[in-house]
Amino acid sequence: MPGSLILSTLLFAAAAFFLGRAAARPFGTGARSRPVYHGALLALWVALPGLAVTVAWALAQPALLDRLLLAGLPAGSVDAIGTGGRALVLAQIHALAEGRALPHLDAVIVEAGARLSRWREIGRLALFATVAATLLVSFLVARTRITPRLHARAAVERALTVGLVVCASVALLTTVALLVALLRETVEFFRLVPPAEFLFGTNWDPQVAFRSDQIAGTGAFGAASVFAGTLLVAAIAMAVAVPLGLLIAIHLVEYARPGTRAWAKPALEILAGVPTVAYFFAALLAVAPAIQHAGRALGLVVSPNSALAVGLVTGIMILPLVSSLADDALRAVPQDLRQASLAVGATRAETVLHVLLPAAMPGILGGVLLALSRAVGETMIVLMAAGLVATISLDPLGTTTTVTVQIATLLAVDAPFDDPRTLAAYALGLTLFVVTFGLNLLALRLVRRASRTDAS
Amino acid sequence: MTSLPPPDVRRDARRRRRRAVDVWLRRLGAGAVVFALGLAGLMLTAIIVASLPALTQTTVRVDFEIDPTLVSATDPAAGDFRAIVARGAAALFPDAPPAEASAAQRILTPAATRILRQEVLRNPDLIGRRLALAVPAAGPYDQLARDHVDRQAPETRRQLDDADIARFDRLTADGRVARSLNFGLLFNGDSRFPEVAGLAGAITGSAMALAICLAICLPIGIATAILMVEFAPRNRLTVVIEANVNNLAAVPPILYGLLGLAVFITCFGLPRSSPLVAGMVLALMTLPTVVIATSLALRRVPMAIREAGFAVGASRYQVVLHHVLPLALPGILTGAIAAISQALGEAAPLLLIGMNAFVTSVPHGVTEAATTLPTQILLWSESPQPGFVARAAAAILVLLASLVALNGIAVLLRHRAERRR
Amino acid sequence: MARPSLLLAASTAEPSPPTKISAQGISAWYGPIRALENVCLEIPSNRVTALIGPSGCGKTTFLRCLNRLNDTIPGARVTGTIRLDGVDIMGQYIDVAELRTRVGMVFQKPNPFPKSVFENVAYGPRIHGLAHSRAELSVIVESALRHAGLWDEVKDRLASPGTALSGGQQQRLCIARAIATQPEVLLMDEPAAALDPIATSLIEALIDDLRESYTIVVVTHSMQQAARISQHTAFLDHGRLVEVGETTEIFSTPREKQTEDYITGKIG
Ligand SMILES: Nc1ncnc2c1ncn2[C@@H]1O[C@H](COP(=O)(O)OP(=O)(O)O)[C@@H](O)[C@H]1O
Ligand SMILES: [Mg+2]
């Protein structure tokens with residue numbers, strides 16, 4: 001219903017546009033704005049009140065009708081059912097009004113159901129009439145203001161600016177909503193589990209907490225072991241990605257022939273765009289078994305989803321990020337610095353190691369920090385290591401678990417929103433947010449400082 | 001006249017060492033490039049090889065008698081197709097004792113009843129006639145047909161006993177077993193049985209989510225960038241928005257899932273597992289990408305173009321719409337490409353809003369339960385049956401192919417936009 | 001809607017006042033950098049006023065005050081009053097787009113839009129609704145191109161991109177674009193600086209022709225050019241107005257020592 005009303009409002013506004021434009025045509029060059037703007041302004045003046053009425057009505061009507069319904073019931077008929085009776089009665093009435101047949105109902109409620117469907121019909125007609133009247137009145141009023149002196153363009157542009165500001169606020173609202181959601185659930189979580197327990201406890205077994213009398217204080221939510229697993233995986237990933245990425249960047253910037261660079265660079269960019277599920281699957285399919293076989297050949301016991309395999313694939317995944325940021329940083333080093341070094345007889349390797357790398361260091365460090373933040377926040381690859389048991393262990397050959405895995409597994413079951421497991425996921429989320437936020441802040445500052453020194 | 005001192009042996013050694021470092025750095029670098037790209041190539045090869053079994057499907061041709069007493073022409077939907085399938089399966093081995101009828105039926109996929117039913121509903125003229133239908137073989141028999149079953153292994157270590165194998169061999173000898181291209185992979189919905197599981201639901205869900213995502217993030221992202229670059233370049237609000245967007249760009253995707261769960265599902269009461277919520281979550285996730293790419297593209301448009309517009313009395317909006325945006329379009333499209341790749345391939349946030357639900361029907365609206373390509377891949381890759389792993393690999397290829405196709409379209413658009421200037 | 005309209009104000013003002021633009025106490029800053037200091041200048045109607053002075057003295061800045069183009073530079077600030085036909089144009093509520101329709105500008109570096117020759121000239125008339133049909137628009141474009149002395153050179157390539165023309169042609173295209181909106185004042189910022197001598201003489205002849213219909217303010221760093229094309233000259237130095245008067249007077253009998261030094265080539 002509101003949908004079709006909104007559609008007709010928009011159609012009416014479109015008509016207003018053409019009428020406004022036609023009305024402004026005879027003004028000729030004496031007008032302050034061109035006819036299109038008069039039309040657009042008229043359409044805005046018509047559409048905005050119409051849409052506002054529709055939306056406000058759609059939002060207000062259900063609550064208003066509910067209140068009227070409850071007031072209309074004989075005194076005591078709701079309280080007789082006991083707590084929660086109000087919601088139950090309302091649900092019954094709504095079901096009746098929607099035409100569903102329910103057995104064993106009080107006559108009062110059956111009658112209320114009929115009343116509700118009658119009221120809804122009335123509401124529909126009233127809404128239709130109100131919107132029609134609003135459209136007509138605003139059109140007539142606005143039409144009188146279409147004069148040659150009207151600065152229609154400026155008015156339309158002011159409206160557009162409001163639209164731009166609204167759009168820009170979405171990004172801000174996202175951050176605010178993210179923070180509020182994370183903080184609210186985390187505070188709730190810390191009511192059940194003390195923060196120190198969460199941050200420093202080493203016993204992570206969220207399934208235990210499901211049994212009702214064990215929620216608080218049993219140590220089942222000690223996340224230190226989860227953090228340790230995350231750090232282990234991130235460390236292995238960085239140990240793979242940083243040296244390889246740097247070598248690739250150095251090679252492509254300093255050594256590779258233009259021909260090589262022409263295909264290697266796009267190839268790396270394509271790698272950066274490959275979805276993480278593909279890496280995840282390849283890890284599951286090929287890398288982890290390969291490492292297991294290799295371990296067996298060396299006489300080592302390797303768990304099927306070892307931290308080593310997880311970290312390795314994560315490292316391969318963030319490798320293009322490291323190499324492309326290092327590439328940028330190296331190429332931003334001024335050409336004369338490079339030539340100065342070569343001119344005193346340094347080899348290319350010496351130039352790279354003693355001159356270019358130090359000069360590019362802030363940019364490279366920034367890139368490394370961004371990659372670290374990616375590795376910490378990466379979920380997919382490490383899902384394969386979805387061991388639910390977390391123990392503090394820095395054994396790269398054993399199974400491990402990470403923050404992101406725990407968030408995904410805690411929420412995989414469709415638990416009620418105030419379940420401690422859900423809340424724990426939000427607490428882990430907040431930790432993840434704080435850590436990655438800090439890393440990004442640092443990284444961006446470094447990268448920006450690097451680009452500033454280039455400019456000067 | 002003084003001559004140069006004779007070449008010092010120690011200096012010579014030193015020079016050689018310096019040269020060696022240079023050569024080694026070069027070799028190491030080349031090795032790193034080869035290693036990284038080679039490993040990626042190996043991974044892709046592994047995926048392709050793993051997907052091969054899912055590209056074809058073993059089928060068994062069965063003759064079904066559509067008995068009018070079991071399926072009435074007036075109400076075919078209420079017909080007893082289960083009985084028809086049972087009879088058809090039994091007829092495969094006319095000389096076998098009736099006790100083995102159920103064993104014969106196990107050769108066919110359990111979804112055979114549904115397949116037959118669809119076939120008859122689509123074409124009611126079949127009632128009262130005989131229908132020869134190629135029915136997908138059940139998972140274990142598919143493995144058998146591909147020689148993935150070790151016939152020499154002891155019977156207890158196999159899913160199929162010797163009698164099962166003998167039965168299937170006889171069907172093969174009868175010429176009833178065939179291997180055909182597995183179109184069901186693209187056109188079927190998900191299923192508990194790998195032989196009939198397909199990606200139609202996931203593809204539709206991904207397409208819906210992507211459309212919603214782009215419909216939200218492109219206009220809002222472009223508008224944000226325009227406000228930042230063109231209207232308030234030095235405003236405090238702009239500085240805040242820009243810093244905020246830069247940080248949002250690096251927020252781990254999974255946190256957007258937490259946001260979507262808390263806001264869209266719990267607070268607004270939107271349906272779980274729906275492409276609508278998925279699209280909205282992905283839109284928030286890709287918004288920073290679009291804003292950053294667009295503002296970069298806008299900043300790269302020369303100031304002289306704007307001044308030329310202003311000088312003939314164009315307003316800021318006219319300058320932006322008529323001159324700046326057309327010039328920035330290629331850069332904006334680059335941002336859109338990045339957003340598409342991100343939105344189509346990301347699974348982490350979608351896990352939290354229930355996009356990894358088991359849904360067999362293809363969604364018809366954005367509020368119906370659905371999966372997406374990446375979450376479907378996760379679902380399948382975690383299934384124990386061997387058929388599903390191959391299908392997950394094939395699904396990755398479908399995902400990569402659609403990424404390549406969408407990127408190709410965007411690159412083509414960008415090319416046209418670049419040529420037009 | 002009580003805001004004064006510049007267009008309406010123009011039609012009610014006195015017929016052809018001797019002063020077209022009157023700038024009083026203009027100071028301008030780019031962030032902390034002061035580019036103009038208390039400049040007062042009257043620009044007479046239907047004459048060519050030349051702004052001369054050493055590089056970086058604020059000529060461009062002053063010119064851009066006259067059509068409020070400094071508004072578009074983040075951090076730029078201008079104070080003082082500027083009246084166009086007696087109406088203050090510095091006010092917050094002036095529609096700058098309307099102002100710039102009346103005060104056209106040609107830049108130091110030719111900056112045609114990356115569109116066709118026709119679209120370049122047609123753009124202004126189109127957004128201001130000066131033409132009601134394609135035919136009318138073509139008439140406006142042709143007359144602007146003829147005025148700018150470019151018509152014969154481009155009449156067969158109206159659809160080719162404006163950026164494909166030679167430098168001198170591009171600058172004349174920009175002049176055509178500026179006069180296509182029928183402005184009253186034409187601001188020209190070293191219009192010949194990027195051009196060869198032949199193109200320069202074409203532009204100079206053009207400026208002399210345009211004087212009949214427009215009030216022209218032209219920035220130049222060439223003394224000879226100022227002497228050739230202007231009737232009125234203002235000399236700026238370090239953001240201050242040093243001297244202003246009839247061109248013949250300034251060049252023959254400068255009142256200020258500073259001016260004399262500059263004109264005779266001792267500074268700048
Ligand atoms: N966009 C700007 N930002 C900062 N300073 C500027 C800018 N434009 C001009 N300036 C400074 O203002 C002064 C006057 O510049 P300008 O008016 O361009 O001089 P002219 O045109 O006479 O050569 C110079 O010192 C110049 O450095
Ligand atoms: Mg200048």
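This one's a predicted model, so the numbers in the text were calculated from it and none came from an experiment. The chains referred to below are lettered A, B, ... by the order of the sequence lines, with proteins before strands, and numbering in each begins at 1.
Here the shortest heavy-atom pairing between A:Y37 and B:Q318 reads OH-NE2, 2.8 Å. Residue A:L271 comes nearest to B:A40 through the heavy atom pair CD2-CB, 3.4 Å, listed as atom of the first residue, atom of the second, then distance. Contact record, A:V277 with B:P374: CG1-O, 3.7 Å, taken as the closest heavy-atom pair. B:A50 approaches A:L285 most closely through the heavy-atom pair CB-CD2, 3.5 Å. Closest approach of A:L247 to B:A32, counting heavy atoms only: CB-CB, 3.8 Å.
For the set B:V263, B:I241, B:L248, B:V23, the entry with the most heavy-atom pairs within less than 4.5 Å of chain A is B:L248. For the options B:S315, B:A223, B:S341, B:A36, heavy-atom pairs under 4.5 Å to chain A are most numerous at B:S315. Among B:A225, B:A46, B:A30, B:G345, the residue making the largest number of heavy-atom pairs under 4.5 Å with chain A is B:A30. Among the candidates B:M228, B:R18, B:Q342, the residue making the largest number of heavy-atom pairs closer than 4.5 Å to chain A is B:R18. The candidate with the highest count of non-hydrogen atom pairs below 4.5 Å against chain A, out of B:L44, B:L25, B:L42, B:L284, is B:L25. Highest contact tally toward chain B, considering only A:L246, A:L319, A:L432, A:I250, is held by A:L432 [criterion: heavy-atom pairs under 4.5 Å]. Considering only heavy-atom pairs separated by less than 4.5 Å from chain A, the leading option among B:T375, B:V21, B:I377, B:N247 is B:N247.
When heavy atoms are compared at a cutoff of 4.5 Å, A:I316 approaches chain B solely by way of its side chain, counted from C-beta outward. For chain A, the nearby parts of B:V33 are the backbone and the side chain; heavy atoms of each come within less than 4.5 Å. For a residue to count as touching a neighbouring chain, one of its non-hydrogen atoms must lie under 4.5 Å from one of that chain's; by this rule B:I47 touches chain A with backbone and side chain alike. Proximity to chain A is absent for every atom of B:I265, based on heavy atoms less than 4.5 angstrom apart. Both the backbone and the side chain of B:V389 come within contact range of chain A, each with at least one heavy atom under 4.5 Å from a heavy atom of that chain. When heavy atoms are compared at a cutoff of 4.5 Å, B:A249 does not approach chain A at all. The parts of A:L164 that come within reach of chain B are both its backbone and its side chain, each placing non-hydrogen atoms under 4.5 angstrom from that chain. At a 4.5 Å heavy-atom cutoff, the contact between B:L400 and chain A is made by side-chain atoms alone. If you measure heavy-atom distances from B:L403 to chain A, the contacts under 4.5 Å come from the side chain alone. Residue B:L255 touches chain A through both its backbone and its side chain, counting heavy-atom pairs closer than 4.5 Å. Both the backbone and the side chain of A:E157 have a heavy atom closer than 4.5 Å to some heavy atom of chain B. Only the side chain of A:L182 has a heavy atom closer than 4.5 Å to any heavy atom of chain B. Using a 4.5 Å cut-off between heavy atoms, A:A286 touches chain B through its side chain atoms alone.
Using a 4.5 Å cut-off on side-chain heavy atoms (C-beta onward), A:F280 and B:I396 make no contact. For the pair A:L268/B:L37, a side-chain contact is recorded, criterion being any heavy-atom separation below 4.5 Å from C-beta on. Residues A:V287 and B:L39 fail the side-chain proximity criterion, which asks for heavy atoms closer than 4.5 Å.
Taking CG from A:L160 and CG from B:L227, the interatomic distance works out to 12.0 Å, rounded to the nearest 0.5 Å. Once rounded to the nearest 0.5 Å, the distance linking CG of A:L244 with CG of B:L28 reads 10.0 Å. Rounding to the nearest 0.5 Å gives a distance of 8.0 Å between CG of A:L178 and CG of B:L258.
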Decide side-chain contact (heavy atoms from CB on, under 4.5 Å) for A:V313 and B:M43; before the verdict, give the C-alpha distance in whole Å, the side-chain angles of both, and the deciding distance to 0.1 Å.
CA-CA 10 Å; A:V313 180; B:M43 285 183 179; 4.3 Å; yes
Going through the checks in order, is the side-chain contact (heavy atoms from CB on, under 4.5 Å) test met by B:L261 and A:Y426?
CA-CA 10 Å; B:L261 180 62; A:Y426 277 84; 3.6 Å; yes
Which is it for A:T436 and B:V251 under the side-chain contact (heavy atoms from CB on, under 4.5 Å) test, yes or no, and what are the steps along the way?
CA-CA 7 Å; A:T436 51; B:V251 164; 5.7 Å; no
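More than 12 non-hydrogen atoms from other residues, nucleotides or ligands lie less than 6.0 angstrom from CZ of B:R27.
Between the side chain of B:D22 and the main chain of A:T347, no donor-acceptor pair closer than 3.5 Å is present. With B:Y317 contributing its side chain and A:T161 its backbone, the two residues share a donor-acceptor pair below 3.5 Å.
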Going by atom type alone, with no hydrogens or angles, which donor-acceptor pairs under 3.5 Å involve a side-chain atom of residues 166-176 of chain A and a protein atom two or more places apart or on another chain?
from	atom 1	to	atom 2	distance (Å)
A:S169	OG	A:V165	O	3.4
A:S169	OG	A:V166	O	2.5
A:T174	OG1	A:V170	O	2.7
A:T175	OG1	A:A171	O	3.3
A:T175	OG1	B:N244	OD1	2.4
A:T175	OG1	B:N244	ND2	3.4

